[in-house]
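For reference, the structure discussed in these notes is given below.
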Amino acid sequence: MRPSGPHHVHRVTNRGTLPAVSVHAYTPRLSLMNRYRLEAGTLLRTGTEKAGVDW
């Protein structure tokens with residue numbers, strides 16, 4: 001486990017041939033989660049999901 005600040009951005013990639021699992025635990029509990037895509041070196045928000053509604 002590695003703590004990170006509220007503005008930390010990370011990319012999770014499975015370079016293996018077998019399925020992988022990534023577990024992310026947040027505290028305080030998330031109420032919203034933004035999704036992004038990287039385009040030309042810039043993060044663009046593609047959507048927002050709400051806890052209890054979308055997941």
side-chain contact (heavy atoms from CB on, under 4.5 Å) filter on N14, not counting sequence neighbours, yields A20
Kindly give the cluster partners of V53, where membership spreads through any ILVMFWY side chain lying under 4.5 Å from a current member.
-> none
Hey, could you give me each pair passing ring pair (Phe, Tyr, Trp, His ring centres under 6.0 Å) that has a residue in residues 22-55? Not counting sequence neighbours.
-> H10-H24
Quick one: side-chain contact (heavy atoms from CB on, under 4.5 Å) partners of T17, sequence neighbours excluded?
-> none
Using side-chain hydrogen bond (donor to acceptor under 3.5 Å, both in side chains) as the criterion, list what pairs up with R29, not counting sequence neighbours.
-> none
Contacts under 3.5 angstrom, residues 40-47 side chains, donor-acceptor by atom type, not counting sequence neighbours:
from, atom 1, to, atom 2, distance (Å)
T46, OG1, R35, O, 3.2

Tell me, please, which residues at least two apart from V23 pass side-chain contact (heavy atoms from CB on, under 4.5 Å).
-> V21
Of all residues at least two apart in sequence or in a different chain, which pass the side-chain hydrogen bond (donor to acceptor under 3.5 Å, both in side chains) check with T48?
-> N34
